[in-house]
Amino acid sequence: MEPSKLKDHVFKKGKFTTPLNTIMTPLNDDDSWSYGRLPEYLWIGLVLKKYGRSVGLEKIYKIILILHELAPDLFAPRMSDVLSLESPVQASFYEQVLTIMPKDTIAPLTLLLTQSKYPVFAEFFCTPTLDIKRRQDVILETMQNLMDHQTYEATDIRFVVLYFELISGRLNILKEQGDLLREYPTLDHANEKMRMIRPMIRSMEMMSLHLEKINKEYITLFWGGISKMTDCNLFTIKFKNEDKDIATYLEQLHEVFIYLSQLFTSVNPLDEKMKVILGIATYSYKRFKEAANHNLFNSISGRGCIRVMIENYIMLKYLLKKESEHQNIWREYQYYGLGLYKLVLARHRECQDLNVTSHFDKDYIEALVNEFIIEESVDMDTRYFDQQNIRLKAEAVNEKDLFGLYYDYDSSFEHGLWGAIRESSLVKCHNPAHQYHCVPDVDDNNNLKSVLPDCIMIMRKTLMLLNELYGLPDALYEEVKNFDV
Ligand SMILES: [Zn+2]
């Protein structure tokens, strides 16, 4: 089966209108386009959205000429700068703007620029007939196309910003650049030439950024207002839920382990090596069976399952490989594990406030630690078994990829590292007003990709190893070995 592609899921949901990288890019940087500048220039976006590119740019051209005439000290057509102008100047500007376009064009901004805070603006642009929902929708639709700083729409706005800077005299450019800029509003975005002009505009618009003083108060007011007004729009990632019927496979596996277990009890009941090997393999089998019985293949616990199956397999190979270098590696391996149990036991004995309902059962663990030898003779070694961590062990048995590609990834889930937390427990919100933040995935909107194929792959490797050592019945071995999803 071909692994599912993220892209496919995205588009199948049919919810997605902007490229993935837009909503995956961190945004809340004062200088960044979407966080720090878009709120200032959203008014231009509203005009372009209403009139379309060609008519919109003409109207804005007239507007910025008026602005420059009224406020020759302004270097950028920023909303916060306009709102900071003296009241009579603001009033005069708005009055002239309204001769170029009706007030409903930028009226949606009154949602944020309220009477109490910006009385002059509100007085000119308040439109009671435009209800709150409609104002929100217009703002969100406009922002959606502008959040990515490279869209055509964002570039059009950045062109206006740049043009205003040229009018204001803050920026000097080469004649050839000026010629290209003048052509920009007349050319369609599909025009070949635009492939060169657009990046030029974007980089030039950035040039004077360091001269700008960010109006933090306005930016905060904008995001604070817009983010609270609108609801989350969750963008969920749904991988295919594992639905492969593995009942027959589970039966065959059961047969394999029953066969090996009977072989052990009837032929070699005292074979320490066989006990350890079958113990480890059975642990893998049980983890796999648990995942199957409880349908954990798409869950976080499923990742714990595949991780331990890999670790067990690497350990098996490692023990076999190092067997000859040790007096009795099988016994050492058991003592090592029991030593770790003994350590916890000792801590438990010293702990005053014992929780009787804890899943650690002192009496039972004590019995296990003392099962065949007296506890006092068990060393407690808190280092890795054989002083090699799992990565080194994997390398020693030529399973570096298994470790690097799988085990490490799944370890993030077992240790609660951020990658795993982000992947499994947070869900993306597709609302531009929320800056595409992540919210807790309390209700399992996301799921994880199935671990079943990997579990089968590791089980196959484990079975091959067991077959080499103990010889499984041919027909049965062929069936389990060749099972695939
Ligand atoms: Zn949200």
Side-chain angles (χ1 to χ4, degrees), residues 6-43 45-46 49 79-80 106-114 117 130-151 153-154 157 214-239 298 300 416-449:
L6 177 61
K7 253 175 73 184
D8 299 341
H9 294 280
V10 169
F11 287 110
K12 252 180 242 160
K13 293 288 290 180
K15 271 184 164 181
F16 220 23
T17 48
T18 51
L20 191 63
N21 61 5
T22 312
I23 72 163
M24 290 303 188
T25 316
L27 306 168
N28 52 347
D29 182 353
D30 283 349
D31 266 354
S32 75
W33 165 255
S34 44
Y35 179 78
R37 280 134 72 210
L38 174 58
E40 294 280 15
Y41 303 130
L42 189 60
W43 72 269
L46 290 170
K49 185 167 169 56
M79 199 65 220
S80 68
I106 53 174
L109 286 177
T110 53
L111 202 60
L112 301 159
L113 311 180
T114 53
K117 195 119 178 77
L130 200 62
D131 67 33
I132 290 180
K133 174 81 176 63
R134 182 67 201 138
R135 283 185 268 174
Q136 279 179 2
D137 288 349
V138 173
I139 288 184
L140 288 186
E141 283 162 25
T142 310
M143 285 175 73
Q144 196 104 52
N145 288 331
L146 297 173
M147 290 298 278
D148 180 350
H149 68 109
Q150 295 199 348
T151 58
E153 291 85 351
I157 294 183
I214 306 289
N215 188 327
K216 274 195 193 269
E217 195 199 338
Y218 178 77
I219 302 293
T220 311
L221 174 124
F222 177 89
W223 286 114
I226 194 87
S227 63
K228 276 181 227 135
M229 271 172 211
T230 54
D231 293 330
C232 281
N233 175 8
L234 297 186
F235 173 65
T236 58
I237 303 283
K238 285 276 180 227
F239 284 103
N298 293 90
I300 298 171
L417 299 184
W418 189 255
I421 290 171
R422 168 63 188 86
E423 183 181 352
S424 65
S425 304
L426 292 167
V427 60
K428 196 84 181 160
C429 164
H430 191 218
N431 182 348
H434 293 186
Q435 294 171 28
Y436 304 129
H437 66 161
C438 291
V439 297
D441 185 19
V442 180
D443 285 322
D444 297 337
N445 287 292
N446 283 345
N447 70 357
L448 299 169
K449 199 168 162 187

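Side-chain atoms are counted along with the backbone in the values below, which use heavy atoms only and exclude waters and symmetry mates. Everything numeric here is computed off the predicted structure, so don't read it as measured data. As the structure lists them, so they are numbered: ligands from 1, and atoms in each ligand from 1.
Classification of the Y218-F222 ring pair by plane angle, with boundaries at 30° and 60°, yields tilted. Note on ring orientation: taking the six-membered ring where Trp is involved, the planes of W223 and Y35 are parallel (angle under 30°, cut-offs 30° and 60°).
The two residues V138 and P108 make their nearest non-hydrogen contact at CG1-CG, 3.8 Å.
Between the Zn ion (ligand 1) and the N, O or S atoms of H437, the shortest distance is to NE2.
Of the angles at the Zn ion (ligand 1), the one spanning ND1 of H434 and SG of C232 is 110° when given to 10°.
Salt bridge D131/R135: absent, no basic N to carboxylate O contact under 4.0 Å.
The Zn ion (ligand 1) has an N, O or S atom of C429 under 2.8 Å away, backbone or side chain.
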